[in-house]
Every structure is written in structure tokens, then in C-alpha cells.
Novice: 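This structure is in C-alpha cells; I'll ask about it shortly.
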Amino acid sequence: MPESCFVFQLHHVDARTQARRSTLQTPHGAVQMPAFLPVGTRGTVKGIELSLLQATGTQMILANAYHLMLRPGVEVVAALGGLHRFCGWGGPILTDSGGFQIYSLAQMTQITEEAARFRSHIDGRAWELSPEAAVRIQESLGSDIAMVLDHVVGLPSPPEVVKEAAYRTLRWAQRCKQTARRADQALFAIVQGGLDIALRLECLARLVEMDFAGYAIGGLSVGETPEQMQQVLQAVVPAMPTDKPRYLMGVGRPEDILDAIALGVDMFDCVLPTRNGRNGWAFTDRGVIRIRNHQYERDDRPLQEGCGCPACQRSRGYLRHLFLSGEMLGPVLLSLHNIWYYQRLMAEARQAIEEDRFEEFRLAKQQLWKKSTNPHTEKNF
């Protein structure tokens, strides 16, 4: 891949933790890391117009090859100029291959060595997705970063099932790498292995031998406890290459993000900010505000003092009114606020790393959240 297309630069490591301040250069711009990617599964972050999304500080978004393959179809996206022109986002885009969606959404899934065969959750139509097809689809979409096709299993699962999926992920990763052709698209590998630390480390080591542009940790937030996830990360992240981006897939509680940054993770994505926003939950430094609650009926305060998002230009009482009235503006505003909150958290984390005070920053934030009567851990929609 030409050096001008994709460059990762590690600028600084925090003095007391392994938190990293870095930059990822892509064909569609630079991403300052640690970074959070809002999920735009079908080519849109639900309900958020792109100029408003840019105002949150979002640098890169995630779209999903599985969903775009089913609707409107990869050929349609390509005919309309590729994913960037199709959705109107000029910044970097990462596409997930669809392994998690096949695990979580598809009907009548059958995984063989050759491919994943499943029926669409939309219309029941039969599909087949092989590692080669997953790469070709993402190359047609034209994303900046493409993910290999992996075999995802829920947790807990029998050890033999986890092991089979991890080894299949390795074989599929090799096939993906052999298929990749675009010089302007980076291919990231995915480390699987469930809660088996030795298997995770073996999977990572063999992927590193294949030499991918970046490495992701997948197969978490699929049924394990936060403590179990932390044990996996504490073992795996330090073993990941220092000169490549490190990506934790699908993990998005603020508490978990800061803990993972402390271990050296660079990239995150999750649906929590927008999904919880659509359901009336707002993230703040004092925990979650459930805006439908009666206590906010006459509350004239913003969701969070000092927040510059559009939602915080209105009162809590007004936002509650929107939700109780079924007005679509309510979910839009709370989704915006939550993305704004996450991106401000990332910006503050980057600054704290640069100033060698990330551990103090992390502990101070988590202390505030722990004191809350509605912590972020209470419920995730």
C-alpha cells in the first residue's frame, strides 16, 4: 500500500499507563486517536444529518457490508459513486465485513469452511458470504478500512466451539488477505478466541505473521461479564503490535472505553450513543439521565452544563416533552448529545495522554460515574 494512502503514527504513550496518542492517515483524511466511530450501519448514523455529525467532532464512521449487501445492494452503491458519495460523508469510513451480523441477525445460519450461508433477516432470501466475497464487497464499497470476515460465537460457548471458530477465523483471514487488491484500502484482521487467553494470544500471533494493516479484537460484548472482558484485554492488548492501530470492536460503555484506552487500544465503535439516545437515555458526567422521568417535567437545566450540543441548548423539560409527545426531534437531539459526549470524552482523553495525566483523568471520570444514581452500567438498550 502506498505510504501516502495509509500511515499510522504513534506520537506519545502516557507515563503511567499504556494509553497511546496517535494519528491514522487515510485516503479521506487523518484520524486523531484514541477515536470513537459512530455506527452508520446502512450508510447513515440514524437520524443524524452529516453536518451535525461533523460538528460533534466525529472523524470516522462505521458502515456494515452485510446490511449494504442486502439493501440496496453493492452494485447500487458502486453505481452511485461508492460509499462516500452514496452517503455524502467525505471523511474516513470503516466497513465491517458482517461476521457479527451473521451471528446476531441472520436466520438459519450455516457456517462451513467455504463460507457462511444464511437467510436474510429482511426477506428470508438465501445468501452466501465467503471471505473472498467479503473483501470484494468492501472493495466495491470503497471504504478506507475493510475488516476480514471472522467467525463469531456467543459467550459462553463450549471450548471446542470457540476453538473451531478462532481457527476458522485465521484461515478466513489468510483468504481475505490473498483476495485484497485495492491499494487505497487497509485490511484489518480480527482476533478471536472467546475467553481463552492462550487461544487469543495464539490467534493474534498467527495474524501478526500474516502482516495486516491493523488488528482488531472481536468477539466481546457477546455475553461475557465486564470483568471477563477486562481479563482478555489485559492479556491481549499488550501483545498487539505497537506500530499498527489497535481496534476494540463493538465495545462502547464510557467506563469500558477508558479502561481499554489505558491498556493501549486506539479505536472503538458501538451503537450505544445513538440507540440509547433514541430510547430517551442521555450520557452525562453524572451518569445516565432518563429523560422521560417525571422529575424532569419542569427542569430548566441542560442535560449537561457546558455541553455545546444542540440538545443542551434546550431544557430537560423540553426534551422530555418531545419524547412524551412522540416528536422525532427528541431521539435526534439525544442521539446527537450522546455522540457529542463520546467525542468530547475522546478529545479529553487525547489531551490527557499528551500531558501524561491519563490515569488521573480516567479515575476522576469513573469516580463521577460511580457516584451517580443512574450509572452507565444500569442498562444498555
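FYI, side chains are in, hydrogens and waters are out, and symmetry mates aren't considered; it's all heavy atoms of this structure.
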Novice: Check whether any side-chain heavy atom of Leu201 lies under 4.5 Å from a side-chain heavy atom of Ile197, and answer yes or no.
Specialist: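 Yes. Closest side-chain heavy atoms under 4.5 Å.
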Novice: Return the set of residues passing salt bridge (Lys or Arg N to Asp or Glu O under 4.0 Å) with Arg20 (not counting sequence neighbours), or none when no residue passes.
Specialist: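 Expected list: Asp266.
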Novice: Identify, with sequence neighbours excluded, every residue that meets side chain to side chain donor-acceptor pair (under 3.5 Å) alongside Ser143.
Specialist: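 For Ser143, the residues satisfying side chain to side chain donor-acceptor pair (under 3.5 Å) (neighbours in sequence not counted) are Thr95, Gln185.
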Novice: For Arg21 and Gln32, what are the C-alpha separation, side-chain angles and deciding distance, and is it a side-chain hydrogen bond (donor to acceptor under 3.5 Å, both in side chains)?
Specialist: CA-CA 8 Å; Arg21 177 69 179 88; Gln32 303 303 320; 2.9 Å; yes
Novice: Please confirm whether the ring centroid of Tyr66 lies under 6.0 Å from the ring centroid of Phe118.
Specialist: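 So the answer is yes for these two rings.
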Novice: Kindly indicate, with the supporting measurements, whether the criterion side chain to side chain contact (heavy atoms under 4.5 Å, CB included) is fulfilled by Glu224 and Leu195.
Specialist: CA-CA 8 Å; Glu224 80 284 358; Leu195 302 178; 4.0 Å; yes
Novice: Could you list the residues that satisfy salt bridge (Lys or Arg N to Asp or Glu O under 4.0 Å) with Glu327, not counting sequence neighbours?
Specialist: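 Not a single residue meets the salt bridge (Lys or Arg N to Asp or Glu O under 4.0 Å) criterion with Glu327.
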Novice: Heavy atoms only: give me the nearest Phe8-Asp243 pair and the separation to one decimal.
Specialist: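 Looks like CD2-O, 3.4 Å.
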Novice: Show me the donor-acceptor pairs within less than 3.5 Å that the side chains of residues 202-220 make with the rest of the protein, sequence neighbours left out.
Specialist:
residue	atom	partner	partner atom	Å
Glu202	OE1	Tyr167	OH	3.1
Glu202	OE2	Tyr167	OH	3.3
Asp211	OD1	Lys244	NZ	3.0
Tyr215	OH	Phe212	N	3.0

Novice: Got a sec, which pairs hit ring pair (Phe, Tyr, Trp, His ring centres under 6.0 Å) with one end in residues 12-54, sequence neighbours left out?
Specialist: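 For residues 12-54, and leaving out neighbouring residues, the ring pair (Phe, Tyr, Trp, His ring centres under 6.0 Å) pairs sorted by first residue read His28-His84, Phe36-Tyr342.
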Novice: Test: salt bridge (Lys or Arg N to Asp or Glu O under 4.0 Å). Region: residues 44-57. Which pairs qualify, not counting sequence neighbours?
Specialist: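 Matches after skipping sequence neighbours: none remain.
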Novice: Report the C-alpha separation of Gln343 and Thr58 in whole Å, then their side-chain angles, then the decisive distance to 0.1 Å, and conclude whether the side-chain hydrogen bond (donor to acceptor under 3.5 Å, both in side chains) test is met.
Specialist: CA-CA 6 Å; Gln343 300 300 3; Thr58 294; 3.0 Å; yes
